[in-house]
Chemist: 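Encoded as structure tokens, here's the structure I'll be asking about.
Given the structure is predicted, the values throughout are model-derived calculations rather than measurements. All chains are named by letter (A, B, ...) in the order of the sequence lines, taking the proteins before the strands, and each is independently numbered beginning at 1.
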There are 2 protein chains.
Amino acid sequence: MDPRPITDTGWQRTGKLWSSLKEVCDLLRIPVTAAVADHDTLFQHVQFKAGQRIHTIGQPFDVLYVVNSGFLKTVMIDVFGNEQILSFPMKGDLFGVDGIHGRRYESEAVALTNCDVILVPFKKFTALGKAHPELEAAIYGVMSRELIREQSMVTMLGSLSAEARVARFLVNLSERFSELGYSGKQFNLRMTRHEIGSYLGLTLETVSRTLSAFNEMGLISVDQRAIDIKDFNALKTLRRLPPSRTRDKQKLAKAAAAAAAAGAAPQQFAAA
Amino acid sequence: MDPRPITDTGWQRTGKLWSSLKEVCDLLRIPVTAAVADHDTLFQHVQFKAGQRIHTIGQPFDVLYVVNSGFLKTVMIDVFGNEQILSFPMKGDLFGVDGIHGRRYESEAVALTNCDVILVPFKKFTALGKAHPELEAAIYGVMSRELIREQSMVTMLGSLSAEARVARFLVNLSERFSELGYSGKQFNLRMTRHEIGSYLGLTLETVSRTLSAFNEMGLISVDQRAIDIKDFNALKTLRRLPPSRTRDKQKLAKAAAAAAAAGAAPQQFAAA
DNA sequence: CGTTCAGTTGAGGCGGATCAACGGACGTGG
DNA sequence: CCACGTCCGTTGATCCGCCTCAACTGAACG
């Protein structure tokens, strides 16, 4: 059904590495105590190439995943077969949490670029939580954070216009890149317009048009996947594009002329 | 902004009761072991009247809440001041989880009817989890379940038509009532059209019209808040109403509904 | 150099929002 | 008890934002 060639689940074991508990906690932005820092538990890394699937829907749940490098997407498929992108995990993000409840993953995760992912066996993780109360609290905290993220998505999908969604998407990406020490102004999108649209509840055409509109307005500069944010504040406070006549006078004039020529003026211009 | 008189947070201590750990677990549909069943920890009940607020945004987080009886709503307010209803907790549902991460509630909860709610101090809960591993696993499971619920909401808001959303809303309510031993066919809505609309990302008018349309099609019977589900299967498989001009002729509508129930996939979603 | 997929752009239509009017339920106070 | 205001729900008319369909360009790749 998905035309993209997704290599079936299978690790790339080149560059096999292991990370300490402290390194994992640092990635997850969990403050560590001395006891945790000294712990000698190691967590395995696994490499995936772009297009490979990390886990699929229905696959038995064993491990949580923490992104060490690279970009991914997580996808849920509803009862009618609609595909919906839920998140774009990147460095420091956790995924696989939806597998805890039913002991099977409810979503699938796919690498958008080559990735380095740390496997965190859930059993081992909670066992460590028992020994280190502050770690346990952090685990709950991370799960709660994920829940809040989803709630924000619901709020966005429920009330924002297409332009506001795209603007927030760019702002969020920018802030995440900044936190990781990369440029929050210039970056490359790792996903297609279609994937952005799925994430935001829009069509790929609307995403493309909105980016073009931002470009024309001077808020950003776009060239394919390359984004350069020119006016971060405007993006952050944007709710709805200003009326189109302020955007491009030529096209309005053309449209108005066409409408006049047509005799029977379409209602939207008759009102104005 | 909200015209309704919401009495400020303040308990009604009439009918003060306490529940055992086992009773709380049963409510949450957590399987209990003998050790847990015999535990003597007690959890306090609190009563709220319709319209009262259980917790507000920004209020320090201490406790999780489990609904023993009554109906509530949880509301989030985004950066632009948009109000969004996130859930309608009822008997056996947990809320307040979004407070764990930042030690403050990110949403507010309001009683839609008189309610009896159990306070579960989070510290006490996790401490019990330490003593009873299977309980701890269940706590993680409940939080994961909430996350999956939100993911389903995102998927719904991202891809379903207005009619499909309302249909799913009714189906979900029906199934929840059935699980609680109430009638899944006949029940009263506890919320206004406006609140349903906020929850589903629609306007109250669209909700009202859609319910009327279902009524005309014979899928349900509606009278104000009273719902009677006539054709559960059609609701469950509905994706999009037949075109309005065919809807005027009731017979054609019925035929279309039958086709939908038969599993014939409408073209617009089958491709995706 | 063809093929395929990503992205852009245009034209047009539809679904749902918006604006508006109305009836009914409910509570409140005369 | 009824008069009145308020909120809830329904329904109609209109508008417009986004989807849909379509054509085209350019990039990546064998």
Side-chain angles (χ1 to χ4, degrees), chain A residues 2-5 50-51 112 157-166 188-198 200-216 222-227 239-245 248 250-251 254-255 258-259 262 265-272, chain B residues 2-5 50-51 112 157-166 188-198 200-216 222-227 239-245 247-248 266-269 271-272:
Chain A
D2 190 349
R4 182 161 1 175
L112 294 177
L157 293 175
S159 62
L160 294 193
S161 67
E163 307 88 63
R165 294 183 203 185
V166 175
N188 285 309
L189 300 175
R190 292 334 217 283
M191 63 294 283
T192 66
R193 304 289 191 262
H194 177 77
E195 287 164 335
I196 297 173
S198 171
L200 298 176
L202 302 171
T203 59
L204 67 94
E205 293 96 329
T206 298
V207 173
S208 178
R209 271 185 253 271
T210 306
L211 288 174
S212 297
F214 289 170
N215 191 34
E216 280 179 35
V222 206
D223 178 45
Q224 300 288 108
R225 306 260 177 122
I227 299 285
R239 298 188 196 201
R240 173 149 265 129
L241 247 34
S244 55
R245 61 180 162 288
D248 46 6
Q250 319 171 357
K251 289 184 184 156
K254 256 192 350 191
Q267 60 282 12
Q268 52 264 46
F269 291 105
Chain B
D2 190 351
R4 183 170 353 190
L112 294 177
L157 293 175
S159 62
L160 295 194
S161 67
E163 307 86 60
R165 294 184 203 185
V166 174
N188 285 308
L189 300 174
R190 293 336 218 279
M191 62 295 282
T192 67
R193 303 290 192 261
H194 178 77
E195 287 165 335
I196 297 173
S198 171
L200 298 176
L202 302 170
T203 60
L204 66 95
E205 292 95 329
T206 299
V207 173
S208 178
R209 272 186 252 270
T210 306
L211 289 175
S212 297
F214 287 171
N215 190 34
E216 279 178 36
V222 206
D223 178 44
Q224 301 287 107
R225 306 259 177 123
I227 299 285
R239 297 186 196 197
R240 172 152 265 128
L241 246 35
S244 57
R245 59 187 159 288
R247 216 186 311 149
D248 299 337
Q267 60 287 2
Q268 50 263 56
F269 285 118

Chemist: In whole angstrom, what separates A/Arg239's CZ from D/dG17's P?
Modeler: 16 Å

Chemist: OP1 or OP2 of C/dG16 sitting under 4.0 Å from any side-chain N/O of B/Arg209?
Modeler: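 Answer is no, no contact under 4.0 Å.
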
Chemist: Do any side-chain nitrogens or oxygens of A/Arg225 fall under 4.0 Å of OP1 or OP2 in C/dG7?
Modeler: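 Yes.
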
Chemist: Please determine if a side-chain N or O atom of A/Thr203 lies less than 4.0 Å away from the OP1 or OP2 oxygen of D/dT20.
Modeler: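 For D/dT20, neither OP1 nor OP2 has a side-chain N or O of A/Thr203 closer than 4.0 Å.
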
Chemist: Taking OP1 and OP2 of D/dC8, is either one under 4.0 Å from a side-chain nitrogen or oxygen of B/Ser208?
Modeler: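 Result: no.
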
Chemist: Of the nucleotides D/dC18, C/dG7, D/dT10, which has the atom closest to the A/Arg193 side chain?
Modeler: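 So the side chain of A/Arg193 is nearest to C/dG7.
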
Chemist: Measure from CG on B/Leu160 to P on D/dC19 and round the result to the nearest Å.
Modeler: 14 Å

Chemist: So what does A/Gly197 touch, heavy atoms closer than 4.0 Å: a base, only the sugar-phosphate, or nothing?
Modeler: nothing

Chemist: Would you compute the distance between atom OG1 of B/Thr206 and atom CG of B/Leu211 and round it to the nearest 0.5 angstrom?
Modeler: 11.0 Å

Chemist: Between P on D/dT11 and CG on B/Leu204, what's the gap in Å once rounded to a whole number?
Modeler: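 After rounding, the gap between these two atoms is 13 Å.
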
Chemist: Round to the nearest Å and state the distance from B/Asn188 atom CG to D/dG9 atom P.
Modeler: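 Rounded to the whole Å, the gap is 12 Å.
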
Chemist: Let me know the distance between CD of A/Glu205 and P of D/dA23, rounded to the nearest Å.
Modeler: 14 Å

Chemist: Is it the case that the side chain of A/Ser212 and the backbone of A/Ser208 share a donor-acceptor pair, with hydrogens and angles ignored and the cut-off at 3.5 Å?
Modeler: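 Yes; judged by distance alone, with no hydrogens or angles, the pair exists.
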
Chemist: Is there a donor N/O on one and an acceptor N/O on the other, under 3.5 Å, for the side chain of B/Glu195 and the base of D/dC8?
Modeler: no

Chemist: Please walk me through it: do A/Ile227 and A/Asn188 pass side chain to side chain contact (heavy atoms under 4.5 Å, CB included)?
Modeler: CA-CA 6 Å; A/Ile227 299 285; A/Asn188 285 309; over 6 Å; no

Chemist: Looking only at side-chain atoms of B/Thr206, point me to the closest of C/dA17, C/dG7, D/dG9.
Modeler: C/dA17

Chemist: Report the distance from atom CG of A/Leu211 to atom P of D/dC18, rounded to the nearest whole Å.
Modeler: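 Spelled out: CG on A/Leu211 to P on D/dC18 is 14 Å.
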
Chemist: C/dA6 P sits how many Å from A/Gln224 CD, rounded?
Modeler: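 Atom CD in A/Gln224 sits about 11 Å away from atom P in C/dA6.
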
Chemist: What I'd like to find out is whether the side chain of B/Leu202 reaches to under 4.5 Å of the side chain of B/Thr210, using heavy atoms alone.
Modeler: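 Answer no - side chains too far apart.
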
Chemist: What's the NE2-C1' distance between B/His194 and D/dG9, to the nearest Å?
Modeler: 13 Å

Chemist: Which nucleotide wins on minimum distance to the side chain of B/Ser161, given the candidates C/dG16, D/dC19, D/dT10?
Modeler: C/dG16

Chemist: Base of D/dC18, side chain of A/Glu163 - is there a donor-acceptor contact under 3.5 Å?
Modeler: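 Answer is no: no donor-acceptor pair is held.
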
Chemist: Are side-chain heavy atoms of A/Thr192 and A/Leu204 found at a separation under 4.5 Å?
Modeler: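 No, side chains not in contact.
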
